[in-house]
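Basis for what follows: all heavy atoms, side chains included, without hydrogens, waters or symmetry-related copies. Below, chain A is the first sequence line, B the second, and so on; all start at residue 1.
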Number of protein chains: 2
Amino acid sequence: MARNVEFNESEAIQKAMEVFWEKGYNGTSLRDLTDAMKINSSSLYNTIGDKNELYIRCITHYTDLRRKDLQQRMSGKKRAFEILVEYVHDAIKVITDGRNGCMAIKAAFEMGANNGKVKQILKTDSELADQFLTSLISKAMQEGDIPREEEPRLIADFFNSTWTGWYESYILHKDADKIRKMGEYFIRQISK
Amino acid sequence: MARNVEFNESEAIQKAMEVFWEKGYNGTSLRDLTDAMKINSSSLYNTIGDKNELYIRCITHYTDLRRKDLQQRMSGKKRAFEILVEYVHDAIKVITDGRNGCMAIKAAFEMGANNGKVKQILKTDSELADQFLTSLISKAMQEGDIPREEEPRLIADFFNSTWTGWYESYILHKDADKIRKMGEYFIRQISK
DNA sequence: TTTTTTTTGAAACAATCATTTTAGAATAAC
DNA sequence: GTTATTCTAAAATGATTGTTTCAAAAAAAA
């Protein structure tokens, strides 16, 4: 006995995510969002909620995409070291192609300290990436491609950190070659 | 034939910097600023300028402090490797003590892509840190404390990147031990 | 077809935003 | 002490903020 929602919710979330991604939470106005989502603010508040809830949905969507990507990478039958190297190379590609950096990193620095819910989502996302890398490195050690001198978990943490800095470097210097060289250096370092 | 400015400008900039540092550019209102600086907005606009100019002044102040710190570190008569290790340890302390992360990094992710002037200041700051590290690493190689296998510049870039990620890690995980272990790992890696 | 429920679009909302104006207070130079 | 100039405080500015209201439109159930 009622009308249906007209707009496609997941498409709208995708659009909102792109705006938040580019402008950050505080840099984005409700009008920016409703313009991109092509819906009225009343519809937004009816179905999704306020600005903060929408942001949570967007960040969640972003980390969901990442989780799926990691799962796909794990599913193949390649050697762990090969998956690892591929992951590093793809990370470099994403950094040097994209204009907006990584939404999760931007969110961590903008909201991490002040918004508990956002922080929790990002923390879980970070832990997932850590687990992915840790198990890969661990496997690569078993397969003899990485020396066993260091804790896999430590190397995983270290890569995740380094990777964040590559984003900053590319924002400031726009030097793709620099990022590539750091990637090669990292692979060289863990291999020896 | 006129009245003097009542407030201490550099103290006011310091206070403004602290607010921007914590809340970011878009998260800070003019009231936040004038409250912290304890001046009226008309005084602010008369002497310093608008919000954007004030921010530029704050970021510049921040990077000035950093430059002075680096100069001091270089001035001693210690071995380069020792200065380097000290720098890493101090970086870890700053990360795990502070609540707000690094203002330059936050600024890079919030403003870097959209504000040319801010970007330029941060770029110069980053290059300075790179030069500092590059010359230290180079000297440490001459002194036999670091193998000559890699380009000093590359290792410097790599450390600067990693260091950025430590901030993110600490925001999300608040795990000081994790940061310390990554620091030790880095020193171990460049030494071998 | 009518009823009932929900969504939608447009307008309205108060609050806050960055910025400016205005009038008076302060002080250096004369 | 007067004058000239600049500063400060408070209020006003119009624009924009996030959010809500309300009447009309839509459509599923009766």
Once the angle between the rings of B:F158 and A:F186 is folded into 0 to 90°, is it parallel (under 30°), tilted (30 to 60°) or perpendicular (over 60°)?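 Ring orientation, 0 to 90° scale: parallel.
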
Expressed in angstrom and rounded to an integer, what is the separation of [X] atom [atom1] from [N] atom [atom2]?
X	N	atom1	atom2	value
B:D32	C:dT16	CG	C1'	11 Å
A:N52	D:dT17	CG	P	17 Å
A:E9	C:dT6	CD	P	17 Å
A:D50	D:dT20	CG	C1'	13 Å
B:K51	D:dT16	NZ	P	15 Å
B:D35	C:dA18	CG	C1'	14 Å
A:L54	D:dT19	CG	C1'	14 Å

Where is the tightest heavy-atom contact between B:A36 and B:V19, given as atom of each residue plus distance?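 Closest pair (atom of B:A36, atom of B:V19, distance): CB-CG2, 3.5 Å.
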
Please report the closest heavy-atom contact between A:Y170 and A:G98, naming both atoms and the distance.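 Taking A:Y170 first and A:G98 second, the nearest heavy atoms are CE2-O, 4.3 Å.
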
Could you walk me through whether A:F132 and A:Y87 pass the ring-ring contact (aromatic ring centres under 6.0 Å, His included) test, one step at a time? CA-CA 11 Å; A:F132 165 78; A:Y87 182 68; 5.1 Å; yes

What parts of residues 10-30 of chain B reach DNA chain C, counting only heavy atoms under 4.0 Å away?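 Within this stretch, B:T28, B:S29, B:L30 sit under 4.0 Å of the strand.
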
What are the residues of residues 36-48 of chain A, sorted by number, that bring a heavy atom to within less than 4.0 Å of DNA chain C?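 Correct list: A:N40, A:S42, A:S43, A:N46.
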
Got a salt bridge between [X] and [Y], using NZ or NE/NH1/NH2 to carboxylate O under 4.0 Å?
X	Y	result
A:R66	A:D69	no
B:E86	B:K93	no
A:K106	B:E168	no
B:D125	B:R67	no

Separation of B:E151 CD from B:I137 CD1 (nearest 0.5 Å):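 Here the interatomic distance stands at 11.0 Å.
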
Go through B:K181 and B:K178 one step at a time and tell me if the side-chain contact (heavy atoms from CB on, under 4.5 Å) criterion holds. CA-CA 5 Å; B:K181 279 180 180 159; B:K178 183 185 280 213; 5.9 Å; no

Can you see whether A:F20 has A:K23 sitting over its ring - NZ or CZ less than 6.0 Å from the centre and within 45° of the normal?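 No - A:K23 does not lie over the ring of A:F20 by the 6.0 Å and 45° rule.
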
Involving DNA chain D, stems made of at least three consecutive Watson-Crick or G-U pairs, both distances under 3.5 Å: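 Correct response: C:1-12 with D:19-30, C:14-17 with D:14-17, C:19-23 with D:8-12, C:25-30 with D:1-6.
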
